[in-house]
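Notes to accompany the following structure.
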Amino acid sequence: MSPVIDLGAFLRTRRARLRPEDVALPDLGGRRRVAGLRREEIAQLAGVSVDYYIRIEQGRAANPSPDVLNALARALRLDEDETRHLRRLAQPRAVTRPAPRARPGQQQPRPMLLRLLEELRDVPAVVMGRRMDVLAWNAAASALLGDYASLEPSERNIPRITFLDPASRQLFTDWRACARENVAYLRWEAGRYPDDPQLASLIGELSARSEDFRRWWAEHPVQDKTSGTKRFHHPVVGDLALTYDTLRAADDPDQALITYAAAPGTPSHDALKMLLAWAAPTATTTPHPARPH
């Protein structure tokens, strides 16, 4: 996951998704050898020379200025997450990266997040760490998402479950959208921690074992995990539409509390209450932290 290699691939995928009409450029006709805009067209839109843009795309331009990167982001129609990712790839030494709080593989859930899990008895919630590892969860999350306690600690990883566990394709109504979001967030993580060997190992494993992951990873999607709606088809209570929110501590962006909730008065709210009542006889309200590994 070399930043130089990723930078060129990222820029090429973003060029490929644009057409002249998307950016108010005249289409001069003729056969295009590549999909999307040509390098010279991006250079024109960004106000830089073609040679300089080529050097940026090839990773041969040392530390492009913020003004140049902003111009490229506008030319390529990048969103906020993609723009931040571009800066990380183009200026790996200039971007201040958060220091890991523990060595890879030894991340422990913060006590404050565990206390919140204990309070959220009626709200499915998990603590997500680096590489989308599940560090802790409550009983409601087990009822909704599956029994994390039955998995080895190394297997408690959201992308690994999503792509390698066939049950996930049945649980998520729009599995494709959920899976692509996971790929996009792993790209986001790779931009923050390009030298993380465990992240590289995870990406390599998923690329080798999942054709879907391999294809979507090559498209270079980038997206932070914030909030949205997920639709489930649960084997016990049927269909649910739940909103999820990602809450991060200001001083530790490597851990996040992810909660799932249904709007009151909706069928999904009733179905979630039914699910939690069904799971209650065998569940505990105590949060489950993952064992060190």
So, are [X] and [Y] salt-bridged, with charged N and O less than 4.0 Å apart?
X: R77; Y: E82; answer: no
X: R130; Y: D196; answer: yes
X: E219; Y: R17; answer: no
X: E155; Y: R160; answer: no
X: R88; Y: E189; answer: no

Hydrogens and angles aside, do [X] and [Y] bring a side-chain donor and acceptor to less than 3.5 Å of each other?
X: H85; Y: R187; answer: no
X: S142; Y: D147; answer: no
X: R248; Y: Q255; answer: no

Is the count of non-hydrogen atoms from other residues, nucleotides or ligands lying under 6.0 Å from E40 atom CD greater than 12? yes
Are more than 12 heavy atoms from other residues, nucleotides or ligands located less than 6.0 Å from atom CG of D122?
no
Is it true that [X] and [Y] fall in one hydrophobic cluster, defined by side-chain heavy atoms closer than 4.5 Å?
X: I54; Y: L86; answer: no
X: M132; Y: L164; answer: yes
X: L11; Y: V50; answer: no

Grab the two heavy atoms, one from [X] and one from [Y], that are nearest each other, plus how far apart they are.
X: T259; Y: L120; answer: CG2-CD1, 3.9 Å
X: V236; Y: L275; answer: CB-CD1, 4.3 Å
X: L206; Y: P159; answer: CD1-CB, 3.9 Å
X: A61; Y: Y52; answer: CB-CE1, 3.8 Å
X: D212; Y: R169; answer: OD2-NH2, 3.1 Å
X: A125; Y: L257; answer: CB-CD1, 4.2 Å

Can you find a pair of side-chain heavy atoms, one from [X] and one from [Y], that are under 4.5 Å apart?
X: L242; Y: F232; value: yes
X: H234; Y: V237; value: yes
X: L135; Y: Q107; value: yes
X: R14; Y: V222; value: yes
X: Y185; Y: I158; value: no
X: T162; Y: F213; value: no

Rounded at 0.5 Å granularity, tell me how far [atom1] in [X] sits from [atom2] in [Y].
X: R38; Y: L18; atom1: CZ; atom2: CG; result: 13.5 Å
X: L113; Y: I258; atom1: CG; atom2: CD1; result: 11.0 Å
X: F172; Y: K230; atom1: CZ; atom2: NZ; result: 6.0 Å
X: E205; Y: N157; atom1: CD; atom2: CG; result: 8.5 Å

Look at the rings of [X] and [Y] and say which category their plane angle falls in: under 30° parallel, 30 to 60° tilted, over 60° perpendicular.
X: F163; Y: W175; result: perpendicular
X: Y244; Y: Y260; result: tilted
X: F10; Y: H220; result: tilted

Per side-chain contact (heavy atoms from CB on, under 4.5 Å), Y53 is matched among L72, L45, V68 by L72
Exercise. What about the rings of W188 and Y193, do their centers lie closer together than 6.0 Å?
Worked result: no
(request) Indicate yes or no for a side-chain donor-acceptor contact from S207 to the backbone of I203 under 3.5 Å, with no hydrogens or angles considered. (result) yes
